[in-house]
Structure formats: C-alpha cells, structure tokens
Amino acid sequence: MSIKNIKTLADTRYLKLYDAEYINKNGETKNWSIASRKDLDTLNNIYFHGSECSIDAVVIVATHTDENKLVVIKQFRVPLNDYVYEIPAGLIDPGEDFKTTVGRELKEETGLDLIKIDYDKTKSKAYISTGMTDESVALVYCTCNGKISKAFLEPDEDIEIMLLSKKEAKSLITSNENIDIKAFLCIQNFIG
C-alpha cells in the first residue's frame, strides 16, 4: 500500500485536513481523510521524500514529589462541549525540544515546576489515533513540585488542576466521568 497524492481540504492554524489518494493491497485507488498539524509541504516531504516526521506535542505524566500524587486536569473541550479528565499536554512550539515543552506546558496548565524527566519510562514518539491523524507525541514521565496555580492559563483554557492519590485515582477511573484514554491508561499505571 502506498500514498500517491495528497491535497488540502481545509487549513487552519492548528489543524489541517487532507485527502490522501492511495493504492490498497489489491491495487485499487482509494481515498482517506487525514487530520494533521503539519503543512502540505512537510507532509509531501515525509510521504514522498523520506523526511523525518517530528513529534507534534507532549503528554505529561507528572508526579508531585512532596505530595506523591499524580497531576490530573479536568478541562473543557469544545469537540465534546463538556469537561474531560486528562493529563497535562501541549503542542511543541517551533524550535523547542520536548523537554522545554514539558516544562513550559506543565507551568502553563498547572503552575507546577518540572523537576526531572524519567527518560527510562519516557517514550519519545508515540501516535494518538492513527485511523484519523498522523499526530505524534512524546509521552513524558516526570516529577514536579510547587503549588497549583491557574495564573498561567491561556484565555481559551478552562482547567481544574488536581493532585490525585492512588485511592482518588482509582475512584476516578471506575466512575462514569468523561476521561481521555491517555489519562485513563496513565492513571491505571499510576495505581498499579
């Protein structure tokens, strides 16, 4: 199977929609819609010229050292028109490495300070929803400290920040609350 052509269907600041024409394993020409954060030139270089695909974002699995609790957020998400439990995350800005992004996003979303990244547990590149998007993230395990604060939130971020004990975390994932699958799996891992 291989992609033969790609064209833009929609192009916004943070998300693009493409139509990919590809040949399936039976030799038939088919089309697939792809959501991406990458521009068309970048995708063409990746698909047709072997360029490396850089990661788009970080997902932050942070443990507060003083409290020995997992950092979890409850955020309003427009596509759901509701709040959902998540772990902190954010897009990598141009010129940033994922460590810089982790420190910046952790501070922006929670007010907490990055102490140390656990590189043995961190996955530097993983994919989110491959049937729909090429988005990739670094899944970063780290420790943090400080006091929770909403002072650094952007105007479009409506976030409640919490530190969960293992007991509280177990209660959350057994509830009927909206929860992001990444958060669900990280919480399961946290509670053991």
Side-chain angles (χ1 to χ4, degrees), residues 14 37 53-80 82-130 132-192:
Y14 293 111
R37 297 192 185 279
C53 181
S54 61
I55 58 173
D56 300 296
V58 295
V59 175
I60 306 164
V61 187
T63 303
H64 193 281
T65 56
D66 289 347
E67 303 282 337
N68 193 29
K69 293 182 176 182
L70 185 67
V71 180
V72 175
I73 61 175
K74 185 177 181 181
Q75 184 167 193
F76 182 82
R77 289 298 193 176
V78 173
L80 300 180
D82 203 351
Y83 291 85
V84 61
Y85 285 90
E86 302 176 334
I87 52 179
L91 297 176
I92 295 176
D93 285 345
E96 281 186 337
D97 60 15
F98 76 79
K99 180 180 180 181
T100 303
T101 305
V102 168
R104 177 179 54 76
E105 286 291 343
L106 190 62
K107 188 69 169 182
E108 284 178 11
E109 291 192 356
T110 69
L112 300 171
D113 297 309
L114 173 66
I115 294 175
K116 182 179 177 184
I117 292 175
D118 183 345
Y119 288 99
D120 290 335
K121 290 179 76 176
T122 292
K123 178 71 174 165
S124 61
K125 188 176 188 179
Y127 293 93
I128 300 296
S129 182
T130 56
M132 181 182 76
T133 181
D134 65 345
E135 184 176 38
S136 61
V137 301
L139 179 62
V140 181
Y141 285 81
C142 65
T143 54
C144 64
N145 219 335
K147 295 193 183 290
I148 289 174
S149 172
K150 293 184 177 189
F152 305 98
L153 292 176
E154 295 178 10
D156 288 336
E157 292 178 318
D158 184 0
I159 296 175
E160 178 185 343
I161 309 133
M162 58 205 76
L163 302 176
L164 298 183
S165 67
K166 290 184 180 192
K167 182 179 179 181
E168 293 163 329
K170 186 173 183 177
S171 178
L172 173 60
I173 64 169
T174 58
S175 74
N176 289 325
E177 296 285 343
N178 293 336
I179 189 165
D180 174 83
I181 189 64
K182 298 176 300 299
F184 182 87
L185 294 171
C186 291
I187 291 169
Q188 272 190 326
N189 185 52
F190 173 71
I191 61 178

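- With hydrogens and angles ignored, the 3.5 Å screen pairs a side-chain donor or acceptor of Lys125 with a backbone N or O of Cys53.
- No more than 12 heavy atoms of other residues, nucleotides or ligands sit less than 6.0 Å from atom NZ of Lys99.
- Remark: side-chain polar atoms of Thr174 are paired, donor with acceptor, to backbone N or O of Lys170 under 3.5 angstrom.
- Atom CG of Asn178 sits about 4.5 Å away from atom CG of Asp82, to the nearest 0.5 Å.
- For Asp156, the CG atom counts as loosely surrounded, since its 6.0 Å shell holds 12 or fewer non-hydrogen atoms of other residues, nucleotides or ligands.
- For Tyr83, the ring pair (Phe, Tyr, Trp, His ring centres under 6.0 Å) partners at least two apart in sequence or on another chain are Phe76.
- In terms of the salt bridge (Lys or Arg N to Asp or Glu O under 4.0 Å) criterion, residue partners of Lys107 (sequence neighbours excluded) are, by chain and number, Asp113.
- Interatomic distance, Leu106 CG to Cys144 SG, rounded to the nearest 0.5 Å: 5.0 Å.
- In this structure, CD1 on Ile60 lies 8.5 Å from OG1 on Thr101, to the nearest 0.5 angstrom.
- Going from atom CD1 of Ile191 over to atom NZ of Lys167 covers 13.0 Å, rounded to the nearest 0.5 Å.
- We find the CG-CG distance between Leu172 and Leu164 to be 6.5 Å, quoted to the nearest 0.5 Å.
- A donor-acceptor pair is defined here as one N or O able to donate and one able to accept, closer than 3.5 Å; such a pair exists between the side chain of Glu109 and the backbone of Ala89.
- Evaluation of the side-chain contact (heavy atoms from CB on, under 4.5 Å) rule for Lys182 yields Val59, Ile128, Asp180 as partners, not counting sequence neighbours.
- A side-chain donor-acceptor contact under 3.5 Å links Thr122 to the backbone of Asp118.
- Counting heavy atoms of neighbouring residues, nucleotides and ligands inside a 6.0 Å radius, atom CG of Asn68 does not exceed 12 of them.
- A donor-acceptor pair under 3.5 Å is absent between the side-chain atoms of His64 and the main chain of Lys147, judged by distance alone.
- Under a cut-off of 6.0 angstrom, the local environment of NZ in Lys123 is sparse, with at most 12 non-hydrogen atoms contributed by other residues, nucleotides or ligands.
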